[in-house]
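These notes concern the structure reproduced below.
Order of the sequence lines sets the chain letters (A, B, ...), proteins ahead of strands, with each chain counted from 1.
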Protein chains: 2
Amino acid sequence: MFEENLEAPENLNMHLNYYQKEDQVLLAVDCIIFGFDKENLKILLIKRNFEPEKGKWSLIGGFLKKNENLDEAAVRVLETLTGLNDIYLEQIHTYSKIDRDPGQRTISVAYFALIDVDSHHFDGIQIDAAHWFDIKEAPNLIFDHNEMVQKAKARLKRRALSKPIGFELLPEKFTMRQLQNLYESILDKKLDKRNFINKINSLDVLIKLDEKDMSVSRKGAYLYVFDKDKYEKKVEEDGFIFKI
Amino acid sequence: MFEENLEAPENLNMHLNYYQKEDQVLLAVDCIIFGFDKENLKILLIKRNFEPEKGKWSLIGGFLKKNENLDEAAVRVLETLTGLNDIYLEQIHTYSKIDRDPGQRTISVAYFALIDVDSHHFDGIQIDAAHWFDIKEAPNLIFDHNEMVQKAKARLKRRALSKPIGFELLPEKFTMRQLQNLYESILDKKLDKRNFINKINSLDVLIKLDEKDMSVSRKGAYLYVFDKDKYEKKVEEDGFIFKI
DNA sequence: CTTATAAGTGTTTTTTTTACATTTATAAAA
DNA sequence: TTTTATAAATGTAAAAAAAACACTTATAAG
């Protein structure tokens with residue numbers, strides 16, 4: 001970048017040094033953690049145990065450290081909280097309103113993360129006050145966190161339609177119904193069962209197993225796994241575009 | 001956000017104060033400025049006149065100041081350079097690789113901007129070394145600026161297909177051919193003239209004037225204006241989605 | 001053996017997208 | 001004034017994608 005003060009390009013280095021100290025800021029990351037429990041889309045929130053806004057719900061987050069980049073900071077924050085480290089993470093947006101945090105000037109970079117709630121029976125959400133909320137029933141959040149969640153939901157929707165990202169939220173083996181539930185949760189609308197299955201099958205990235213999930217219906221439902229290799233081969237060879 | 005060090009939640013305030021000073025960083029904005037001259041998509045770059053990387057091409061940018069948010073910083077940087085202040089701006093991504101700027105640790109928030117090159121005969125690109133490059137012929141850039149431009153191009157493409165953003169790049173009155181040229185530049189592919197016009201007309205957001213542009217052909221081409229009110233009314237009433 | 005429940009399965013209609021060729025208005029040249 | 005050259009303007013048919021739609025089946029529980 002051309003990281004320079006355009007108003008005073010002369011005497012550059014002196015200016016820069018002065019400038020640096022004056023205008024340094026605290027950079028945070030906040031994570032919008034989406035989960036899915038085979039039925040509904042969830043979001044992981046924690047109850048603040050300190051001021052300001054003590055007792056209110058918020059996203060989890062932390063500060064960027066000197067020896068890491070933002071992606072690494074987001075991974076660290078997530079791992080510290082959930083014990084997990086192979087989670088889908090994507091940067092969303094950077095929030096910088098001057099008084100967004102009344103305590104101090106902080107700029108925050110929002111990330112969204114995807115977790116299968118059930119298969120990651122993580123030994124402890126390590127912060128007691130953490131809780132999974134149904135996305136429809138999430139409480140009001142502090143600061144600009146509601147805005148962050150809104151943007152994350154929009155991004156998730158867009159991603160789910162253009163990348164097989166939904167599979168990050170499912171267990172390894174899943175039924176068509178579960179997949180459809182997931183898409184219905186993400187897109188927030190009902191889908192036609194037959195059209196959905198036809199569409200998914202036409203993408204040709206699932207493997208149907210001989211195994212059935214008998215836990216929901218009398219008849220049982222076949223289990224599927226996502227064929228990541230096939231997907232990636234298609235992307236490589238055909239310029240395959242995942243589009244639901 | 002929950003801007004806290006998760007590893008040491010006890011003794012919070014003391015910790016925070018220590019932490020703050022230690023981990024403050026410099027935040028910059030860098031602008032990818034796209035322009036259109038009725039023929040081709042352009043990008044505005046400047047030649048650095050200081051070290052490091054003196055003499056090389058880069059995006060324009062500047063540091064975030066204490067009294068502004070990032071959007072404001074981007075507006076300021078752009079206005080300082082071009083004298084313009086009603087420009088379409090959109091945040092793209094935040095770049096934070098530790099040694100992305102070899103001179104110092106700097107995190108940069110990239111923005112993209114859209115300008116009609118001809119109608120904004122701005123009195124001076126105020127930095128002499130600034131230059132419009134055809135998007136296809138842009139030089140190699142410093143640091144991670146090439147990466148930023150790549151992402152901005154992808155975003156522009158996506159936006160152009162889903163919002164009438166292209167009009168920011170055109171003069172108030174334009175011909176169908178110019179509009180098509182713009183879309184062909186952004187999408188980087190040839191479009192069928194009849195299909196393009198049919199599609200545009202079906203959106204019903206342009207007003208055809210009685211005036212012709214005689215500068216290109218013998219026959220002359222009708223001029224159009226974008227009907228912003230109509231567009232916004234449609235969005236409001238019908239949930240109209242702009243989709244080319 | 002009856003019943004209740006979710007799983008599984010194809011076809012038709014509608015909408016959207018793509019492919020494609022001729023005529024027209026005008027300025028410039030002859 | 002006539003001819004010529006050039007880009008503008010215009011519509012339809014075919015193909016592809018999306019949406020609408022209802023009945024049969026497998027099984028556990030009663």
> Would you say the base of C:dA25 and the side-chain of B:K219 have a donor-acceptor pair closer than 3.5 Å?
Replying inline: no
>> Please determine whether the number of non-hydrogen atoms from other residues, nucleotides or ligands lying under 6.0 Å from atom CZ of B:F240 exceeds 12.
In response: yes
> Does D:dA20 have OP1 or OP2 sitting under 4.0 Å from an N or O in the side chain of A:K193?
Replying inline: no
> Which whole-number value in Å describes the distance from B:K199 NZ to C:dT16 P?
Replying inline: 8 Å
>> Side chain of B:K208, heavy atoms from C-beta onward: which of D:dT10, C:dA6, C:dG10 has the nearest atom to it?
In response: D:dT10
> Sequence neighbours excluded, which residues qualify as ring pair (Phe, Tyr, Trp, His ring centres under 6.0 Å) partners of B:Y88?
Replying inline: none
> Does B:K97 pair with B:D144 as a salt bridge, N-O distance under 4.0 Å?
Replying inline: no
>> Between B:F167 and B:F174, is the ring centroid distance below 6.0 Å?
In response: yes
> Distance check: side-chain N/O of A:R177 vs OP1/OP2 of C:dA6, anything under 4.0 Å?
Replying inline: no
> Between A:I197 and B:R218, which has a closest nucleotide on DNA chain C that is more 5'?
Replying inline: A:I197
>> Can you measure A:D192 atom CG to D:dA22 atom P for me and round it to whole angstrom units?
In response: 11 Å
> Counting only distance, no hydrogens or angles, is the base of D:dA20 paired donor-acceptor with the side chain of A:R194 under 3.5 Å?
Replying inline: no
